[in-house]
Amino acid sequence: MSAAQRLPGLMVLLINLPRSTERRARMEQRLAALGLDYEVLPAVDGRARWEELLPSVDLKAFQRHAGGDVLPGEIGCYHSHLQAWQRLVASDAQVLLVLEDDMVFHDDFMDALRIALHGRAHWDMLKLAKIRAKQPVCQGLLGPYRLNACIGAFTGFGAYLIQRETAQRLLPQLLPIRAPIDRELEQVHRHDIRHFSLEPFPAHPQDEGQSTITGERFSNVRRYPLSRRWTKYAEQTRNLFGRVMYLARRGRLRSRHTALPLKDPT
């Protein structure tokens, strides 16, 4: 019996650009070691489809948020995640595990995944890896893991779970594109979601500086001069204030280390 069969209601999608064959091969080896059934979702190639995708972007809002030019890879990434959610909504699965193709799994990944699914009553989206997760506030314990809300930056979309109902509700809200997908979804105050992390994280990204979005060592990134970048800091300040106020209203700024009930996901 495969791991996926032991995790009822779960869909697993690996997002991979078809031209990134080495990344796919590494991920296939890592997933085989886990015994986790999955499907490969061909990523949207933002560079190849830029003219087609451009109408889906609010360029001015994105540039304000990023403090620099829009990267085609960011737009392709955004649409790839939306397509993954659409696959979930069109299926019979209740929860989707989305994996990008630069993930490294820790020894406890499968245990963490099972516990997360048994605790799905307590979250809408749940990150299993991060780039940044600043100023975490514990909302309770899922087994040996902390279920954390984040006050500060909460970026990285390399490994996360999303509930079917959450994807269905969010999809109509996420176009036009105003920010990278992880920056958009850290705005919990706009989307009214329990977007938490499971810590210690059971996975982490490792691209060795070879990002298909930002280029080798961020060579594709074109930031504006500081005199034009103030809009980015204004946007970040506004979102931080909105997030803090939202978490306060929801009673999520007080740290809690009590055990949360777990249920069989069936």
Side-chain angles (χ1 to χ4, degrees), residues 1-16 23-24 26-41 81 84-85 88 91-133 136-150 154-167 182 185 193-207 252 255-266:
M1 183 180 292
S2 73
Q5 288 174 307
R6 293 195 297 270
L7 301 173
L10 178 68
M11 172 187 285
V12 182
L13 292 177
L14 168 63
I15 296 176
N16 169 258
R23 283 172 170 254
R24 176 170 173 170
R26 284 196 296 268
M27 287 300 295
E28 287 177 336
Q29 188 174 35
R30 291 167 185 167
L31 286 163
L34 292 178
L36 185 61
D37 287 350
Y38 65 96
E39 296 178 56
V40 175
L41 179 68
H81 285 274
W85 298 5
L88 170 65
S91 75
D92 295 328
Q94 297 303 309
V95 180
L96 170 65
L97 171 61
V98 180
L99 300 171
E100 293 183 342
D101 60 6
D102 61 351
M103 282 294 105
V104 174
F105 304 110
H106 303 174
D107 291 342
D108 65 334
F109 183 83
M110 289 304 297
D111 288 337
L113 181 57
R114 292 186 185 95
I115 288 171
L117 293 173
H118 281 77
R120 57 175 284 204
H122 306 292
W123 51 265
D124 300 319
M125 296 184 69
L126 186 65
K127 283 187 176 173
L128 306 180
K130 57 92 178 180
I131 294 175
R132 298 178 191 86
V137 181
C138 186
Q139 307 297 296
L141 303 177
L142 293 180
Y145 298 93
R146 298 183 302 278
L147 187 69
N148 288 342
C150 279
F154 194 27
T155 59
F157 246 37
Y160 66 92
L161 294 162
I162 184 168
Q163 308 258 16
R164 176 191 182 88
E165 296 82 3
T166 306
D182 54 350
L185 270 299
I193 49 175
R194 297 173 299 169
H195 187 187
F196 299 147
S197 62
L198 192 71
E199 300 187 43
F201 289 102
H204 70 271
Q206 183 175 296
D207 64 9
R252 295 175 189 156
S255 185
R256 302 176 180 85
H257 288 82
T258 54
L260 297 170
L262 302 177
K263 295 172 60 177
D264 190 319
T266 56

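The structure presented is a predicted model; accordingly, all values stated were derived computationally and were not measured.
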Quiz prompt | Taking every non-hydrogen atom, the tightest pair across Asp264 and His118 | solution = CA-CD2, 3.6 Å
Self-check item: Nearest-0.5 Å distance that lies between atom CD in Glu28 and atom CG in Asp101
Solution: 10.5 Å
Practice problem: Check for a donor-acceptor pair, side chain of Arg252 on one end and backbone N or O of Gln139 on the other, with a separation under 3.5 Å. | Solution: no
Quiz item: In chain order, what residues pass the side chain to side chain donor-acceptor pair (under 3.5 Å) check against Gln94, with sequence neighbours excluded?
Solution: none
Quiz item: Hey, does Asp102 have a side-chain heavy atom less than 4.5 Å from the side chain of Gln206?
Solution: no
Practice problem: Provide the closest heavy-atom pair for Arg164 versus Ala93 in the form atom of the first, atom of the second, distance. | Solution: NH1-O, 3.3 Å
Quiz item: Is the backbone N or O of Glu100 less than 3.5 Å from a side-chain atom of Arg23, with the two atoms forming a donor-acceptor pair by type?
Solution: no
Exercise. Please check if the side chain of His122 supplies one atom and the backbone of Leu260 the other of a donor-acceptor pair under 3.5 Å.
Key: no
Exercise. Show your reasoning for whether side chain to side chain contact (heavy atoms under 4.5 Å, CB included) applies to Leu141 and Arg146.
Key: CA-CA 5 Å; Leu141 303 177; Arg146 298 183 302 278; 3.9 Å; yes
Quiz prompt | Leu97 and Leu7: CA distance, side-chain angles, deciding distance, side chain to side chain contact (heavy atoms under 4.5 Å, CB included) verdict | solution = CA-CA 11 Å; Leu97 171 61; Leu7 301 173; over 6 Å; no
Quiz item: Quick one: CG on Leu113 to CG on Leu34, what's the gap to the nearest 0.5 Å?
Solution: 9.0 Å
Quiz item: Name the one of Leu128, Asn148, Leu147 that satisfies side-chain contact (heavy atoms from CB on, under 4.5 Å) with Glu199?
Solution: Asn148
Quiz item: Side-chain contact, heavy-atom cut-off 4.5 Å: Ile115 with Pro144?
Solution: yes
Quiz item: What are the two closest heavy atoms between Leu36 and Tyr38, and how far apart are they?
Solution: O-CD2, 3.2 Å
Quiz prompt | Audit row: Phe105, Leu31, side chain to side chain contact (heavy atoms under 4.5 Å, CB included) steps and yes/no | solution = CA-CA 9 Å; Phe105 304 110; Leu31 286 163; 3.9 Å; yes
Practice problem: Measure the spacing between CG of Asp108 and CE of Met110 and express it to the nearest 0.5 Å. | Solution: 11.0 Å
Self-check item: Contact summary for Val12 and Leu99, nearest pair of heavy atoms
Solution: CG1-CD1, 4.1 Å
Quiz item: Once you round to the nearest 0.5 Å, how far does CG of Asp182 lie from CZ of Arg132?
Solution: 8.5 Å
Self-check item: Any donor-acceptor N/O pair, Ser197 side chain to Lys127 backbone, under 3.5 Å
Solution: no
Practice problem: For Val98 and Leu88, run side chain to side chain contact (heavy atoms under 4.5 Å, CB included): C-alpha distance rounded to whole Å, both residues' side-chain angles, the deciding distance at 0.1 Å, then the answer. | Solution: CA-CA 10 Å; Val98 180; Leu88 170 65; over 6 Å; no
Quiz prompt | Donor-acceptor contact present, side-chain Arg30 to main-chain Met103, <3.5 Å | solution = yes
Quiz item: Of the non-hydrogen atoms in Lys130 and Ala133, which two are nearest, and what is the gap between them?
Solution: CD-N, 4.0 Å
Quiz item: Just by modelled atom types, is the Arg194 backbone N or O under 3.5 Å from a matching donor or acceptor in the Asp124 side chain?
Solution: yes
Quiz item: Going from CG on Leu185 to CZ on Phe157, what distance comes out if it is rounded to the nearest 0.5 angstrom?
Solution: 4.0 Å
Quiz item: Of all heavy-atom pairs between Ala167 and Trp85, which one has the smallest distance, and what is that distance?
Solution: CB-CB, 3.9 Å
Practice problem: Report the distance from atom CG of Asp92 to atom CE of Met11, rounding to the nearest 0.5 Å. | Solution: 8.5 Å
